[in-house]
Amino acid sequence: MFGGAKTFRATRPPQLCNTPPRMLPAFTFLLAALTVLLAAAIAAGLRRPLARWVSPLAGALAVLMAGQALWSLRTSPLALLASVPLAAGVAMLGLAAFPRRVGHPPGALRRIAAAVGIVLAVDGAVRWSELPPLPRPRHHASLLAGEKTETNLAAFSWSHAFDALCAKLAAEYPFTQWKRIDWAALRARFAPRVRDAEARRDDRAYYRTLRAFAWSIPDGHVDLRGDDRGLREAEAGGGYGLGLAELDDGRVMAARVDAGGPAARAGLQVGAEVLAWNGGPVRSALERVSVDWSEEPPATAEGRRLQRLRFLTHGRVGAHAAIGYRNPGAPAASTAEMEAVPEAYPRPTGTRWDVFFGDPISIKKLPDGTGYIQVKFELPTFWDLMPEREVRGALRRFLKAGAPGIVIDVRGNTGGQDEIVPRITAFFQPRPRIYEIAGLYDPVTALFRPHPETAVRVQPRRPYWPRRVAVLVNTDTFSAGEGIPLALRGLPNVAIFGWRGTQGSFGVGEKTVHLPDGLDFIFPQGQSLDGQYQIQLDSDASGRGGVPLDHRVALDEAAFDAAFRQGRDVILEAAIGWIRKGAP
């Protein structure tokens with residue numbers, strides 16, 4: 001999430017503001033007015049030469065369009081997306097006006113460009129008129145922006161920069177006390193490795209050390225950006241064609257066996273119990289697995305365990321693993337040797353293409369009449385500036401059809417903008433409620449303190465949904481994606497379903513420390529607090545965090561067989577069963 005600005009795993013765009021600032025409408029309305037004037041001039045001159053002032057007007061429009069785009073990018077990505085058709089309309093009208101051949105009417109190609117430009121300009125004006133105010137208080141963005149969020153240590157030596165980074169984190173990381181992080185101990189652990197890499201000028205060892213340092217912090221909003229020197233591919237680019245799952249009783253099972261892969265050639269079948277790994281118990285092997293190449297540091301103990309299951313079966317191409325296993329129905333255990341082959345391990349969804357041109361909302365009616373709404377991420381896209389409109393329309397259809405309830409699926413939701421969460425969840429609220437209050441660093445006291453004036457509230461909107469709501473989550477429900485179950489949890493008609501809770505990373509904003517060799521260290525700027533000024537969702541020192549489950553679906557042998565051998569959605573089935581029980 002970003003903002004209340006959480007971070008989006010794939011793109012991490014800038015934070016949205018409450019409403020487009022005064023300068024932005026001024027740019028846009030002037031742009032629209034001049035576009036209409038240019039369109040009228042071109043339309044009037046389709047059969048005769050264009051007036052001499054048309055070309056300068058088109059040039060002025062181009063300058064205004066550039067200014068509006070730059071201001072939009074600086075202040076409101078939502079406004080920038082809304083303005084794309086208007087900008088395209090200006091471009092097409094500009095093609096119709098340039099180059100102007102004195103004494104000649106526009107040709108057919110420029111007439112077509114003018115017509116397309118007029119259509120796009122009208123569409124852009126409509127989009128702009130429909131832009132909603134976002135539920136972020138105006139001063140919230142100014143508070144976040146008022147704090148210094150970038151520190152440049154790029155000119156320092158590697159070791160000096162690392163020492164300065166540790167000092168900054170000790171002072172300004174929002175969850176030091178909450179997670180009980182001992183920065184002095186971490187510095188003592190990793191500083192010798194940084195110094196050694198510096199002495200040898202080994203940039204791969206330097207990056208590897210910083211990666212391990214960042215991933216030792218249980219916070220999904222901590223990140224190390226920059227060239228990984230090919231280390232990720234080298235250390236985790238191989239696999240055995242095998243995915244694992246752990247049952248509630250601790251047994252480790254083969255949940256995925258790729259046809260023709262090393263595990264399949266070794267004789268493993270889906271449902272095989274994995275007993276041993278490289279000569280020792282598989283549980284002991286799991287404790288030694290590094291998760292440094294996961295997309296973000298696991299925040300909870302459950303999340304770390306799942307990543308260990310994932311990366312036990314990945315490593316260097318050509319690496320060998322001895323596995324002991326028992327296939328379903330087999331009378332005895334077997335052993336085999338596997339060699340890792342190049343494998344692109346599955347990653348959570350959320351690409352740049354999805355963010356800008358995809359659809360954040362997917363809606364359908366399930367066979368039993370239950371409504372289904374999947375929220376993939378909380379960001380406006382070019383085709384869907386206001387995702388809440390899709391939700392509102394779906395609720396009206398489901399109410400009219402007499403749906404017994406709805407399922408809101410945020411499994412794998414990769415986050416986005418917090419400001420969109422209250423707009424999506426407003427239809428389920430019987431009364432206003434506080435969604436989030438920012439806790440920010442006070443340099444005078446060197447403490448984090450709540451700012452009540454930043455409170456974000458969820459305001460009820462029509463149509464109100466009074467029937468049951470089942471929210472589906474998993475540990476890939478990340479950042480702003482966790483905001484939807486958070487905003488709905490506790491309502492009498494809502495229940496949260498899953499194998500496990502959400503990711504547990506919900507910090508506000510983002511700070512960047514520029515390090516030598518083109519690397520950036522990222523960490524949250526502030527705390528997300530509830531109405532009692534308590535930290536919400538971010539994992540604590542015990543490894544607990546995220547949105548807890550109301551209905552934890554048992555992952556026993558029967559559920560494993562249904563999910564991984566039969567391909568059924570056990571979580572969805574449990575949710576539908578709960579909805580049907582409450583149906584009138």
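Numbers here simply count residues along the sequence, with the first being 1.
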message: As a quick check of understanding, evaluate side chain to side chain contact (heavy atoms under 4.5 Å, CB included) for I522 and V222, giving each step before the final call.
response: CA-CA 5 Å; I522 312 298; V222 170; over 6 Å; no
Extract all donor-acceptor atom pairs below 3.5 Å that involve side chains of residues 153-162 and protein atoms in other chains or at least two apart in sequence.
{"from": "S157", "atom 1": "OG", "to": "H160", "atom 2": "N", "distance (Å)": "3.1"}
{"from": "S159", "atom 1": "OG", "to": "E198", "atom 2": "OE1", "distance (Å)": "2.7"}

message: Let's go through F506 and E436 carefully: what are the C-alpha distance in whole Å and the side-chain angles of both, what is the deciding distance for side chain to side chain contact (heavy atoms under 4.5 Å, CB included) to 0.1 Å, and is it a yes or a no?
response: CA-CA 10 Å; F506 208 64; E436 179 180 69; 3.7 Å; yes
- request: Mark yes or no: K511 above the aromatic ring of F523, with NZ or CZ under 6.0 Å from the six-membered ring centre and no more than 45 degrees from the axis.
  value: no
- request: Please name all residues satisfying salt bridge (Lys or Arg N to Asp or Glu O under 4.0 Å) with R308, sequence neighbours left out, ordered by chain then number.
  value: E287
statement: The reported gap from CG in D258 to CG in L268 (rounded to nearest 0.5 angstrom) is 11.5 Å
task: Could you walk me through whether L244 and L312 pass the side chain to side chain contact (heavy atoms under 4.5 Å, CB included) test, one step at a time?
output: CA-CA 9 Å; L244 303 178; L312 178 66; 3.8 Å; yes
task: May I ask you to decide whether R232 forms a salt bridge with D228, counting only side-chain N to carboxylate O separations under 4.0 Å?
output: no
message: I'd like to know whether CZ of R200 has more than 12 heavy-atom contacts from other residues, nucleotides or ligands below 6.0 angstrom.
response: yes
- prompt: So, the side chain of T454 versus the backbone of A438: is there a donor-acceptor pair under 3.5 Å, distance only?
  reply: yes
- line: With sequence neighbours left out, the residues meeting side chain to side chain donor-acceptor pair (under 3.5 Å) with R288 are none
message: Any side-chain to backbone donor/acceptor pair from S539 onto A299? Under 3.5 Å, distance only.
response: yes
- request: Could you pull out all residues at least two apart from W277 that satisfy side chain to side chain donor-acceptor pair (under 3.5 Å)?
  value: none
task: Examine R211 relative to W215 and say whether NZ or CZ is less than 6.0 Å from the centre of the six-membered ring and inside a 45° cone about the ring axis.
output: yes
task: With rounding to the nearest 0.5 Å, note down the distance linking OH in Y533 to CD1 in I437.
output: 5.0 Å
message: Give me the atom names and distance for the closest heavy-atom approach of H551 to A495.
response: CD2-CB, 3.5 Å
query: Got a sec, which residues hit salt bridge (Lys or Arg N to Asp or Glu O under 4.0 Å) with D292, two or more places apart in sequence or on another chain?
result: R208
Test item: R565 side-chain N/O and F560 main-chain N/O as donor-acceptor pair under 3.5 Å: no
field: Test ring pair (Phe, Tyr, Trp, His ring centres under 6.0 Å) applied to H221 and F478, step by step
entry: CA-CA 10 Å; H221 285 146; F478 176 66; 5.4 Å; yes
message: Using the side chain to side chain contact (heavy atoms under 4.5 Å, CB included) definition, which of the options L306, V570, T475, V473 pairs with W499?
response: V570
task: Any chance you could measure E573, atom CD, to I576, atom CD1, to the nearest 0.5 Å?
output: 7.5 Å
- prompt: Which value, rounded to the nearest 0.5 Å, describes the distance between L486 atom CG and I496 atom CD1?
  reply: 9.0 Å
message: List the residues meeting side chain to side chain donor-acceptor pair (under 3.5 Å) with R204, not counting sequence neighbours, and say none if there are none.
response: none
message: Under the salt bridge (Lys or Arg N to Asp or Glu O under 4.0 Å) definition, can you give me all pairs with a residue in residues 520-529, not counting sequence neighbours?
response: none
NZ/NE/NH1/NH2 to OD/OE distance under 4.0 Å, E557 and R251: yes
- request: Identify whether the distance between the nearest side-chain nitrogen and carboxylate oxygen of D203 and R201 falls below 4.0 Å.
  value: no
message: So does E150 get a backbone contact from the side chain of T512, meaning a donor-acceptor N/O pair under 3.5 Å?
response: no
task: Please find out if less than 6.0 Å separates the ring center of F497 from that of W578.
output: yes
message: Looking at every non-hydrogen atom in both residues, tell me the closest pair between D538 and W178 and how far apart they are.
response: O-NE1, 2.9 Å
- prompt: D248: what forms a salt bridge (Lys or Arg N to Asp or Glu O under 4.0 Å) with it, not counting sequence neighbours?
  reply: none
- prompt: Cut-off 3.5 Å, side chains only: do T300 and E302 have a donor facing an acceptor?
  reply: no
task: Please step through side chain to side chain contact (heavy atoms under 4.5 Å, CB included) for the pair R411 and L472, ending with a clear verdict.
output: CA-CA 6 Å; R411 292 175 294 181; L472 313 187; 3.5 Å; yes
query: Do NZ/NE/NH1/NH2 and the carboxylate oxygens of R256 and E343 come within less than 4.0 Å?
result: yes
- prompt: Can you tell me if Y173 and D219 form a side-chain donor-acceptor pair at under 3.5 Å?
  reply: yes
task: Applying salt bridge (Lys or Arg N to Asp or Glu O under 4.0 Å), name anything that partners D540, two or more places apart in sequence or on another chain.
output: none
- request: Please check if any side-chain donor atom of N413 sits under 3.5 Å from a side-chain acceptor atom of E378, or the reverse.
  value: yes
- request: Could I get the full list of side-chain contact (heavy atoms from CB on, under 4.5 Å) partners for T209, not counting sequence neighbours?
  value: F190, R193, V194
Name each donor-acceptor pair under 3.5 Å that joins a side chain in residues 323-333 to protein atoms two or more places apart or in another chain, with its distance.
{"from": "Y325", "atom 1": "OH", "to": "A266", "atom 2": "O", "distance (Å)": "2.9"}
{"from": "N327", "atom 1": "OD1", "to": "Q269", "atom 2": "N", "distance (Å)": "3.0"}
{"from": "N327", "atom 1": "ND2", "to": "G267", "atom 2": "O", "distance (Å)": "2.9"}

query: Is it true that E510 and R225 make a salt bridge, defined as a side-chain N closer than 4.0 Å to a carboxylate O?
result: yes
- prompt: Do Y435 and D418 have a side chain donor and acceptor closer than 3.5 Å?
  reply: yes
query: Between the side chain of E482 and the main-chain N/O of S505, is any donor-acceptor distance below 3.5 Å?
result: yes
field: Short side-chain to backbone donor-acceptor contact, N474 and G412, under 3.5 Å
entry: yes
Salt bridge (Lys or Arg N to Asp or Glu O under 4.0 Å) pairs, two or more places apart, involving residues 162-171: D163-R187, K168-E172
task: Evaluate the criterion salt bridge (charged side-chain N to carboxylate O under 4.0 Å, His left out) for residue pair D409 and K376; output intermediate values, then yes/no.
output: CA-CA 8 Å; D409 192 346; K376 304 169 190 174; over 6 Å; no
message: Does either side chain, that of R310 or that of Q307, offer a donor lying less than 3.5 Å from an acceptor on the other one?
response: yes
field: Heavy-atom pair of closest approach, residues T176 and L169
entry: OG1-O, 3.9 Å
message: For D561 and Q566, which I'm curious about, is there any donor-acceptor pair between the side chains at under 3.5 Å?
response: yes
